[in-house]
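Below is one structure, written out as structure tokens, with a few remarks after it.
Being a predicted model, the structure only gives us computed values, none of them experimental.
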Amino acid sequence: MPGTDDGGRPRPDAPLVAVTGVTGYVGGRLVPELLTAGYRVRAVARHPDRLRGHPWRDQIEVAEADVSDLEATRKALTGVQVAYYLVHSLGSGRKFEATDRHAALVFGQAAREAGVERIIYLGGLYPEGEDLSPHLASRREVGEILLASGVPTTVLRAAVILGSGSASFEMMRYLTERLPAMTVPRWVRNRIQPIAIRDVLRYLVGSASMPHEVSRSFDIGGPEVLTYEQMMQRYAAIAGLPRRVIVPVPVLTPRLSSHWVGLVTPVPAGLAKPLVASLVHEVVCDEHDIADLVPDPPEGLVGFDRAVRLALQRVQDSAVSTRWSSAAVRGAPSDPLPSDPDWAGGYLYADERRTEVDASPAALWRVIESVGGTRGWYSWGLAWRVRGLMDRVVGGPGLRRGRSNQDRLVVDDVIDWWRVEEVQPGRLLRLRAEMRLPGLAWLELRIEDVDGADGSGEPDEGSPTDPRDDERWTRPPTVFAQRALFQPHGLAGQLYWASVTPFHGIIFGSMQRNVAQAAERAERARRTPAVASR
């Protein structure tokens, strides 16, 4: 049985559970819940470095493995009692069903050979006896594969998950907020049984202690059955918006609807398409047998209105711990930054700028760490918006992913079309582009000493590891160094760089100046109260 010691940490003899998909929306929230419940946790990730900024990182084990790699997955699951399977290829392209099928077969075999006692899978709720959308059909198939793996398996089947940052919630939220009147597909009047993320997490944690003989699927849903139209109207009421004018029409196919969703909401069309296609079906629980093994809380399941209020409060408080964009998308650029002098992979173009700033490193870092999202990029806003729209049209993320925390960044955070590849507080912020490009691109924002030292973002020998411990941290001046890098792929990449280079002086030049000016204003504001107090 799970349990914690006097310090609230899992005991050394507590069961060890493995969590895949830990960089995703549900997996990132499940880990702290398992730790609180007294389980030891091993995170299984393709890129363990992306877990570095999570507050629970030092409380867990980490194993590097891709679930499609049998040997690596078997090794990662060795010694594990319960394994959570929370990965899928949703939005990764036309072959996502084959990818999911292969990964589930490999994971089931690895779990069996490693001696895992239970697999827990979060799938999709679907109606029996209907031709399902590719997304729901794949979710059903993955559940069936895991149930047939020879390892006792719990499959939890959920419809729309309500929570700050979930793709389903963000889609509903932005459609409702941005469109006071809309023509919509007829599926908005299909019945849905949504469930709050906190109830999903409670069922996931509770499933870890199910009896060995239980191996089956369970429908999980909240206490209410609503139509999508009703959910939008109730969201509008909770958010203080006027009642929305919603007119269903028969001509909007799931494909057309997904493109519309991709333009209006932060959810890209590639991800919106399977979500929209799933809404064509009525998804209502046929049973509530899960309550026999994981009892409902005394106060009952979280209703729709409360779930929305909780989600909006987290959004307003900038306390959204994970989002749909947290997960690394298969096929997105993920190559590490080419490093000199060892890198020999072809062309690497660079646009480098340095400016001495009459501000302390502390003031400059606050500005650097706040870029993107609602604060923008300190340069020609129209150009960024146009480029973001162009990226959305071709299926990229554009600028609408924003950022979950407006003041703090950790590795693997998303900022608009960028992902944080490296962050060294007070020294370096490196972003990797996830927009659609004929190549790979990075943007580095660095703080250097006036004499040019520490330009690489690495501390000098003998200097404090954290520059905030240095007495210079609050003393101007300092140097703001900015570097844009591009590794082209083929002729298209070469032509792309040639076409955008003339605009770099406007975009990156103004960004350089405006970041420096913002830091100087912040420095003056910091010093003014000190002068007044004397």
Check the pair L226 / V160 against side chain to side chain contact (heavy atoms under 4.5 Å, CB included), numbers first and verdict last. CA-CA 11 Å; L226 304 164; V160 171; over 6 Å; no
With R140 via side-chain contact (heavy atoms from CB on, under 4.5 Å) - residues at least two apart: Y126, L132, E144
Between the side chains of E299 and R306, is the shortest nitrogen-to-carboxylate-oxygen separation below 4.0 Å, so that they form an ion pair? no
Given side chains that start at C-beta, do those of D289 and R216 come closer than 4.5 Å, heavy atoms only? yes
A side-chain contact here means heavy atoms from C-beta on lying under 4.5 Å apart; do V22 and W56 qualify? yes
Can you tell me how far apart CG (L86) and OG1 (T20) are? Round to the nearest 0.5 Å. 5.0 Å
Closest non-hydrogen atom pair between E33 and V205, with its separation: CB-CG2, 3.9 Å
For A291, enumerate each residue passing the side-chain contact (heavy atoms from CB on, under 4.5 Å) test, keeping only those at least two apart in sequence or located in another chain. H288, D296
First locate atom CZ of R57, then atom CG of L51, and finally report the distance between them rounded to the nearest 0.5 Å. 6.5 Å
Under 30°, 30 to 60°, or over 60°: which ring-plane class applies to W417 and W384, parallel, tilted or perpendicular? parallel
Donor-acceptor pair, distance only, cut-off 3.5 Å: does the side chain of Q230 make one with the backbone of T227? yes
Keeping R118 on the side-chain end and P211 on the backbone end, is there a donor-acceptor pair under 3.5 Å? yes
Side-chain contact, heavy-atom cut-off 4.5 Å: P127 with V283? yes
Tell me, do Y235 and L312 make a side-chain contact under 4.5 Å, heavy atoms counted? yes
Quick check: do Q109 and L105 have side-chain heavy atoms less than 4.5 Å from each other? no
Taking Q193 for the side chain and C285 for the main chain, is one N or O donor matched with an acceptor at less than 3.5 Å? yes
Might you point out which heavy atoms bring E224 and F304 nearest each other, and give the distance in Å? OE2-N, 2.8 Å
Do you know which two heavy atoms are closest between A65 and A76, and how far apart they sit? CB-CB, 4.1 Å
Main-chain N/O of R139 paired to R157 side chain as donor or acceptor, under 3.5 Å: no
Is there a donor-acceptor pair under 3.5 Å between the side chain of E282 and the backbone N or O of R191? yes
Step through the shown structure and confirm whether more than 12 heavy atoms of other residues, nucleotides or ligands are within 6.0 Å of CG on D292. yes
Side-chain touch M390/V386, heavy atoms, less than 4.5 angstrom: yes
Y84 (side chain) donor-acceptor with L204 (main chain) under 3.5 angstrom: yes
Which residue in the set V414, V411, L431 passes side chain to side chain contact (heavy atoms under 4.5 Å, CB included) when paired with R419? V414
Expected output: side-chain E117 to main-chain H212 donor-acceptor under 3.5 Å: no
Return the set of residues passing side-chain contact (heavy atoms from CB on, under 4.5 Å) with A111 (not counting sequence neighbours), or none when no residue passes. L77, V116, I119, V151
A side-chain contact here means heavy atoms from C-beta on lying under 4.5 Å apart; do R29 and V200 qualify? no
Tell me if the CZ atom of R112 is crowded by more than 12 foreign heavy atoms within 6.0 Å. yes
Determine whether a donor-acceptor pair (N or O, by modelled atom type, separation under 3.5 Å) exists between the side chain of R202 and the backbone of P295. yes
From CG (D69) to CZ (R74), nearest 0.5 Å: 9.5 Å
For the student: nearest non-hydrogen atoms of G221 and L301, plus distance: O-CD1, 3.4 Å
Contact summary for F169 and A311, nearest pair of heavy atoms: CZ-CB, 3.6 Å
For P223 versus G303, what's the shortest heavy-atom pair and its separation? CG-CA, 3.7 Å
If you apply the rule side chain to side chain contact (heavy atoms under 4.5 Å, CB included), what do you find for D305 with R234, and how did you get there? CA-CA 7 Å; D305 291 0; R234 284 174 64 169; 3.0 Å; yes
Given V410 and V420, is the side chain to side chain contact (heavy atoms under 4.5 Å, CB included) satisfied, shown in steps? CA-CA 7 Å; V410 297; V420 178; over 6 Å; no
Verify the ring-centre separation between F218 and Y203: is it less than 6.0 angstrom? no
Donor-acceptor pair, side chain of R101 and main chain of E141, under 3.5 angstrom: no
Rounded to the nearest 0.5 Å, what separates atom CD in Q233 from atom OH in Y228? 12.5 Å
For E434, is there an ion pair with R432 - N to carboxylate O distance below 4.0 angstrom? yes
Looking at E177 and R173, does any basic side-chain N land under 4.0 Å from a carboxylate oxygen? yes
Begin with the C-alpha distance, continue with both residues' side-chain angles, and end with the deciding distance and a verdict on side chain to side chain contact (heavy atoms under 4.5 Å, CB included) for W377 and I415. CA-CA 10 Å; W377 291 91; I415 314 177; 3.7 Å; yes
Return yes when atom CZ of R436 has more than 12 non-hydrogen atoms of other residues, nucleotides or ligands closer than 6.0 Å, and no otherwise. no
Using only atom types and a distance under 3.5 Å, with no angle test, would you say the side chain of D199 pairs donor to acceptor with the backbone of V302? yes
In Å, rounded to the nearest 0.5 Å, how long is the span from CD1 of I220 to CG of L156? 4.5 Å
Measure the OG1-CE distance between T176 and M232 for me, rounded to the nearest 0.5 Å. 5.5 Å
For the residue pair V82 and P15, establish whether any side-chain heavy-atom pair is separated by less than 4.5 Å. no
